[in-house]
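See structure below.
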Amino acid sequence: MWGRWLNDLIYRRTKGQKVYFSIFAIYFSINLQILYHKRNYMSKELSTRAANYSEWYNELVEKADLAQHSAVKGCMVIKPYGYAIWEKMQQALDKMFKDTGHVNAYFPLFVPKSLFEAEETNAEGFAKECAVVTHYRLKSDPNNKGKLIVDPDAKLTEELIVRPTSEAIIWSTYKGWIQSYRDLPILINQWANVVRWEMRTRLFLRTAEFLWQEGHTAHETKAEAIAETEKMLHVYADFAENWMAMPVLKGIKTANERFAGADETYCIEALMQDGKALQAGTSHFLGQNFAKAFDVKFANKEGKQEYVWATSWGVSTRLMGALIMSHSDDKGLVLPPKLAPFQVVIVPIYKGEEQLAQISEVVFRMKKAMEAKGISVKYDDRDNQRPGWKFAEYELKGVPVRIAIGGRDLENGTVELARRDTMEKETLQQAGIEDKVAQLLEQIQDNLYQKALALREAKTTTVDTYEEFKSVLEGKTGFVLAHWDGTSETEKKIKEETKATIRCIPLNNKQETGTCIYSGKPSTQRVVFAKAY
RNA sequence: CGGGGCGUAGCGUAGUUGGUUAUCGCGCCUGGUUUGGGACCAGGAGGUCGCAAGUUCGAGUCUUGCCGCCCCGACCA
């Protein structure tokens with residue numbers, strides 16, 4: 001016993017002397033970390049955007065009940081409130097697709113490897129991030145009761161790739177559908193999930209599995225396919241601006257950033273509050289690449305065989321990330337009315353059951369009037385939370401308009417109306433509230449767009465020298481308009497040195513003579529650079 | 001894959017050189033009082049301390065191995 005005590009003592013002293021300083025250092029760093037955690041997680045406040053933008057984003061996504069990390073690394077659980085927003089997006093987009101002549105269909109999750117590799121550029125582009133199915137059965141582990149192992153006898157003769165995108169499986173199918181020009185165009189969209197094995201993921205912005213829609217169309221002529229590609233780009237831009245209240249630049253990608261297997265990639269690019277760009281949607285002109293890879297030909301009017309022209313276009317749950325980062329503030333989410341799961345929340349403030357009943361009567365009347373105008377309303381009469389708690393909760397969740405009604409209001413025939421975007425409050429008459437709210441929702445939708453647009457404009461800089469270029473990227477951030485010599489080499493060098501990429505060459509870009517900021521070679525137009533998500 | 005950090009109740013955490021029945025707050029349940037910006041009182045439930053082995057009379061604490069997660073890079077059609 002004494003020996004052990006002595007041993008312990010010696011051990012301690014030795015250890016203590018050796019690592020004294022590092023323990024000291026670790027002690028302080030741990031303390032700092034604990035303080036940091038306490039501030040962010042014990043309090044009901046979010047981190048601020050200014051203090052740590054990415055921390056703010058992560059906390060917001062989880063605290064506003066949009067999504068959470070799952071048991072599967074890199075994959076998220078989209079929670080009901082977050083999914084409700086996605087459903088709103090889906091509904092709006094789905095209608096826009098159908099209004100432009102498209103129909104929905106569904107193709108398999110798995111792609112046989114031989115089909116996947118048929119279009120070489122596309123296959124190579126995605127190869128390093130594919131999940132692969134090699135077996136079709138498990139069995140009990142003979143050496144470990146209650147556990148399972150992959151049955152080595154159940155190896156697939158051909159591996160199945162979990163789709164990272166569906167061109168291969170779809171074009172192998174289209175081959176059987178197309179014989180004549182009369183079978184064209186094919187205008188199909190599918191709502192699906194895809195898997196891309198990303199090294200590093202972030203909720204909504206980059207997850208290993210994500211939800212999206214992918215349109216895949218087949219056309220007789222090159223011109224028609226390009227028109228389709230451009231049409232869908234405009235649909236995306238329309239959706240981003242009019243539903244998400246998020247201004248976007250429309251443009252084309254440089255060869256470096258082009259979709260693997262496309263002849264041209266069109267995109268919409270948005271700017272987030274932290275000055276980083278986010279690719280919000282892409283529309284690809286695929287030329288005849290997939291038609292040739294899968295041998296999809298049609299007889300034209302002259303009876304001659306020709307390869308089909310193709311497009312594909314998609315937006316994903318990444319739009320959720322774009323939506324969050326476009327409008328939200330340090331109090332939480334801010335949703336544009338057109339995509340809010342409910343646009344108005346009504347909170348009663350009451351003393352006793354009897355008064356609640358009186359208030360509820362007024363509320364039901366207002367709710368009905370608002371719903372008749374197509375406004376979605378939630379009445380939160382739960383008694384287990386007090387009004388102040390509810391106010392904070394719905395601010396965190398970004399509900400555009402809040403109506404509070406209490407005893408005072410019953411006497412005066414009024415309500416308190418609060419808007420989420422500006423946090424302004426006003427007292428209004430109950431009569432005709434539905435018109436006022438309808439008008440206010442439109443104002444909020446418009447205000448969010450204008451605010452985002454003003455921010456983008458403030459964060460767009462025209463530069464003429466590389467020094468200026470670098471200093472803007474480091475300090476002010478945002479979109480940087482600069483001359484570029486048109487070569488991939490220059491683009492790569494700039495990326496290596498500054499981490500900025502060419503987000504797009506805007507459609508209908510102004511032509512002007514200048515010199516490349518990097519190489520000094522002549523240039524005919526400015527392109528849009530930024531650091532991107 | 002490299003660097004850093006972390007696994008203790010649903011969440012956030014304390015736990016001193018290894019020592020009795022593992023701490024606190026939030027949340028949860030019951031009852032009551034409340035309700036105009038995140039209420040209060042009283043009582044209560046909830047734990048394989050990430051997993052496995054080892055050292056020891058004794059392990060949340062020490063050792064080894066493994067697993068997982070987060071952050072920063074690299075990567076990202």
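Source: prediction; values computed, not measured. Below, all heavy atoms of this structure are taken into account, side chains as well, without hydrogens, waters or symmetry copies. To find a chain, count down the sequence lines: A is the first, B the second, and so on, and within it residues start at 1.
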- Are A/R386 and B/A39 close enough that a side-chain N or O sits under 4.0 Å from OP1 or OP2? yes
- Select one nucleotide: of B/G37, B/U35, B/C71, the one nearest the side-chain heavy atoms of A/D383. B/U35
- Task: Can you tell me the distance, in whole Å, between the CZ atom of A/F126 and the P atom of B/C75?
- Result: 18 Å
- So what does A/H284 touch, heavy atoms closer than 4.0 Å: a base, only the sugar-phosphate, or nothing? nothing
- Task: Grab the two heavy atoms, one from A/R503 and one from A/K253, that are nearest each other, plus how far apart they are.
- Result: O-NZ, 2.8 Å
- Message: If you compare every side-chain N and O of A/N58 against the phosphate oxygens of B/C71 (OP1, OP2), does one of them come in below 4.0 Å?
- Response: yes
- Message: Measure CZ/A/R202 against P/B/C69 and give the value in whole Å, please.
- Response: 17 Å
- Note on the structure: Rounded to whole Å, CH2 of A/W389 lies from C1' of B/A39 at a distance of 13 Å
- Task: Measure the acute angle between the ring planes of A/F285 and A/W309, then classify it against the limits of 30° and 60° as parallel, tilted or perpendicular.
- Result: parallel
- Query: Take atom CH2 in A/W212; do more than 12 heavy atoms of anything else shown fall under 6.0 Å from it?
  - Reply: yes
- Query: Which part of the nucleic acid, if any, lies within reach of A/G261 when heavy atoms closer than 4.0 Å are counted: base, sugar-phosphate only, or nothing?
  - Reply: nothing
- What does B/A9 pair with, Watson-Crick or G-U, if both distances are under 3.5 Å? none
- Task: Go through the N and O atoms of the side chain of A/K425 and the base of B/G37, and report whether any donor-acceptor pair is under 3.5 Å.
- Result: yes
- Under 3.5 Å on both distances, the Watson-Crick or G-U partner of B/A39: B/U33
- Query: So does A/K499 get a side-chain nitrogen or oxygen closer than 4.0 Å to the phosphate oxygens (OP1/OP2) of B/A74?
  - Reply: yes
- Note on the structure: The Watson-Crick or G-U wobble partner of B/C28, with both key distances under 3.5 Å, is B/G44
